[in-house]
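To start, the structure under review is shown below, and the notes come after it.
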Amino acid sequence: MQMKNYLSLINMPDQTWRNAINNHPIQQSIRQFLNKFPLKTHRSLYGIRELDVPSLYIWGPGWKSGQETSFDQECVKWQTFLKFGKFEFETKRSNEPLMSPSGKLPFLMLSTDDVLVDDAIEKHVYDSYSENLGSLTNEQEANSQAYIAFADNKLRNALLYYLWCEPANELMTHKKYVGHYAKPLDKVLFHKYKNLAVKELLTRKPVLDKEEIYQEADEALQAISTVLGDTDYFFGSRLPTIIDAVIFSYIHVILNIPLRRVKVPPNLLKYSERIYNDYFLPEF
Amino acid sequence: MDNDKFPLRAHKNVVETEEFLSNDFEARAKKYKEYEEAAIKLNNLVFDTKDLPFYIHSFQIHGTQKTRRSLFESVIYPALQARTLGSVIDEVRITADKLNRLDIFKHVDVLLDNSNDPFAQPGAIDVILSAEEKSRFWIKTGTEIGNDAGSANISLNVRNVFGGAETLETYMSAGTQTSYVFEFCLAKPINGNPDSKVDISAYRLTRNNQSFSSHDEILQGIALRWRVLSKLGFHELTYGTSWRQICNIASDATLRHIIILFFKKTYAICLILFNQLFIFMNFSIRESAGHSLKSSVTHTLVRDMRDDIMLPSRGYYVKLFQEFAGFNGDVYFAKNEFESQINFPLGKGFILSASLRNGLLFPFKTHQSKISDRFFLGGAQSVRGFKLNGIGPRENKKDSLGGDVYVAAGVSLFTPLPKLTKYPVKGHFFVNGGSLVQINSSRRLAQSIHNLTKTPSVSAGVGVVYRSSILRLEVNFCLPLIATNTDKLKKGLQLGLGFNFW
């Protein structure tokens with residue numbers, strides 16, 4: 001009988017063999033014995049509370065005092081987009097890109113503890129809050145993507161150049177981006193961020209010609225202004241879409257720095273003012 | 001002993017060999033006796049004449065090339081003050097010993113002679129030192145194991161860089177836990193004293209804390225250090241500045257607000273309903289991410305009177321550590337740590353060992369300490385029966401956040417094992433425990449310290465300890481007796497590999 005048992009053990013496939021060992025009475029009694037420990041368990045002094053509201057971690061505060069919007073264009077873009085979606089969130093001025101999984105601010109922390117960056121934020125908002133956002137036809141969608149890429153190229157170049165490459169603005173940029181760090185560290189990090197900005201610029205322009213960069217931004221704004229026309233949102237949409245968040249973020253930051261080298265056409269001025277008033281000013 | 005006369009083919013020539021050996025033995029005994037007599041004579045001579053006035057007239061040093069004159073001058077100076085034969089001999093011996101310990105010479109030979117100088121005063125002695133310098137460059141490679149981590153390292157050394165017994169070391173290490181270390185260190189003995197050294201070092205190290213706290217830490221810094229041996233023990237005084245980056249937060253590391261709940265057992269329900277004393281703190285790994293600059297002065301005193309570092313059988317060990325940060329930079333704290341261990345041999349191979357450790361990190365100006373400075377507790381080398389850094393404040397039952405105050409203690413009984421008494425293997429019974437909490441800036445310090453007693457984590461167990469030539473290995477069967485619900489337990493078998501065990 002015993003022999004038979006052992007033989008059956010040997011002939012078993014690997015998994016069942018392991019199960020047989022694990023379910024062996026000795027093994028079970030050891031496990032039962034271990035389960036009695038620890039004999040006494042305290043409750044930790046440190047309780048855990050769920051985050052009730054998702055948080056967007058941004059660079060802040062804004063260029064002008066009392067502004068809820070960040071001084072960084074990327075942050076303004078996602079702030080605006082979340083506002084468009086009537087997504088309930090609170091902003092946290094962390095000013096620390098190392099907190100983000102992508103190494104860049106902003107990032108969105110959901111109450112389920114998931115961390116979202118960039119496109120994941122867009123997807124998340126579209127998935128659950130699409131009723132507050134406009135919808136575009138396929139053709140408009142393609143155009144929207146093209147204009148976003150256009151703005152991310154020409155307008156971003158002008159912004160990056162103005163903030164990081166103009167010696168006259170170094171003090172201002174320094175104060176906003178690295179001013180909160182301890183003494184020699186701010187200089188080190190300033191150079192690090194500056195190098196990143198210059199590297200990014202050089203991927204798009206082989207030669208950094210100041211006049212040309214601002215000229216191109218001017219032209220880009222003219223083109224965007226023509227596309228917008230007199231409509232409330234881009235492509236005549238009744239509700240805002242992602243392109244509105246992108247264009248608003250650029251114009252808002254350009255107007256608030258202020259970057260006077262670039263002329264913002266009157267309809268874009270009005271457009272940006274309206275969005276700011278609608279979405280960022282507290283309602284009474 | 002010259003063996004020239006030892007008969008050839010001794011195995012064939014037994015008689016002759018035996019004869020030779022007995023003669024040789026006699027001859028040897030005779031020679032030893034002569035030596036002994038001569039030594040006693042010399043000793044008596046020196047003893048009788050030790051108070052006679054003698055002085056060192058000249059000091060000649062042969063065989064050095066790179067070593068600077070000033071180094072010898074500072075080492076030799078005390079010997080030149082000697083005015084009797086006895087003190088001359090003593091001082092010269094001390095000088096030779098110091099030169100040996102500077103680790104720049106292969107050997108140092110001393111010869112004392114009557115001065116040949118015709119103008120010398122009576123009692124003049126010439127000292128002739130002949131030394132041979134060691135080669136200047138050397139490379140060392142090695143491996144280290146400890147604290148659940150292994151690493152391989154290489155160091156490139158230059159000896160006697162500027163001729164003043166300075167050493168220049170470039171050290172690189174790559175491992176599992178401390179992922180990468182680079183250190184560059186220039187050390188110089190003060191006044192040619194091998195027991196007092198100043199060094200300046202620059203380092204960069206990357207620490208992988210993903211396993212217990214979901215982040216990486218990059219440290220870069222410079223430090224100026226003075227190491228000296230005093231009657232109390234070994235001191236180290238350091239002034240250093242370091243730039244710390246907490247980064248690469250694992251994507252499943254969460255960010256939660258942690259609340260301290262102060263419960264009184266009997267009123268727990270009432271408290272929850274009416275009087276919740278929540279203290280909100282943003283202790284989370286993700287919010288700890290970022291740059292910080294620490295500039296601090298530290299003092300370490302180690303008094304180690306144990307007979308062995310890894311598995312001592314007698315003696316005690318005391319370490320005191322103080323750190324004050326806040327000269328420049330953005331980190332402000334005062335830190336104190338005390339570690340002690342005492343070992344008693346109980347006879348017949350039984351050893352009783354007890355240890356006590358505690359630490360306090362008191363942040364000021366800022367309302368909470370940084371994770372890089374906090375204490376961590378738990379693990380095979382710290383508090384057995386718990387996982388590495390498994391005790392103390394924890395985020396989401398996963399990431400260890402570290403604490404500002406801790407206390408830990410342990411008692412171990414080592415027993416001889418039957419049939420294995422010849423080997424460095426011992427049986428091991430232990431009870432150990434500890435507690436780690438955070439200081440709450442809005443509450444009194446006494447309150448935080450009182451919290452230490454509320455949530456102790458204690459475990460006991462039995463196992464085997466083996467002390468090999470390079471490390472100590474422990475295999476213990478651990479049973480956690482008292483624990484906190486957030487502790488990470490290690491029930492059953494736990495393996496410990498390393499040098500330092502508590």
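Note on naming: letters A, B, ... go to the chains in the order of the sequence lines (proteins, then strands), and numbering restarts at 1 for each one.
Here B:Leu481 is the residue among B:Val458, B:Leu481, B:Asn328, B:Asp330 with the most heavy-atom pairs under 4.5 Å with chain A. Taking chain B as the reference chain and counting heavy-atom pairs below 4.5 Å, the highest number among A:Asn95, A:Leu39, A:Asp114, A:Val188 is found for A:Leu39. Interface remark: of the candidates A:Ser100, A:Ala182, A:Pro38, A:Pro38 forms the most heavy-atom pairs closer than 4.5 Å to chain B.
The CG atom of A:Leu34 sits 10.5 Å away from the SG atom of B:Cys478 when rounded to the nearest 0.5 Å. Between B:Ser448 atom OG and A:Leu45 atom CG the span is 10.0 Å, to the nearest 0.5 Å.
The local environment of CD in A:Glu88 is sparse, with at most 12 non-hydrogen atoms from other residues, nucleotides or ligands closer than 6.0 Å. For A:Lys86, the NZ atom counts as densely surrounded, since its 6.0 Å shell holds more than 12 non-hydrogen atoms of other residues, nucleotides or ligands. Surrounding NZ of A:Lys104 are at most 12 heavy atoms belonging to other residues, nucleotides or ligands under 6.0 Å away.
Looking at every heavy atom in both residues, B:Ser292 comes nearest to A:Leu185 through C-CD2, 4.1 Å. B:Arg286 and A:Met109 get closest at one heavy-atom pair: CD-SD, 4.3 Å. Annotation for B:His291 and A:Glu96: closest pair N-OE1, 3.4 Å, computed over non-hydrogen atoms. Taking all atoms of both residues into account, the shortest heavy-atom contact from A:Leu98 to B:Cys247 is CD2-CB, 3.9 Å. The nearest pair of heavy atoms linking A:His42 to B:Thr455 is CD2-CA, 3.8 Å.
Looking at A:Leu189, the atoms closer than 4.5 Å to chain B (heavy atoms on both sides) all sit in the side chain, from C-beta outward. Using a 4.5 Å cut-off between heavy atoms, B:Leu293 contacts chain A through both its backbone and its side chain. At a 4.5 Å heavy-atom cutoff, A:Ser94 makes no contact with chain B through either its backbone or its side chain. Both the backbone and the side chain of B:Val437 come within contact range of chain A, with heavy atoms under 4.5 Å apart.
At least one donor-acceptor pair closer than 3.5 Å links the side chain of B:Lys491 to the backbone N or O of A:Phe37.
Side-chain contact between A:Met99 and B:Ile249: absent, with no pair of heavy atoms (C-beta onward) separated by less than 4.5 Å.
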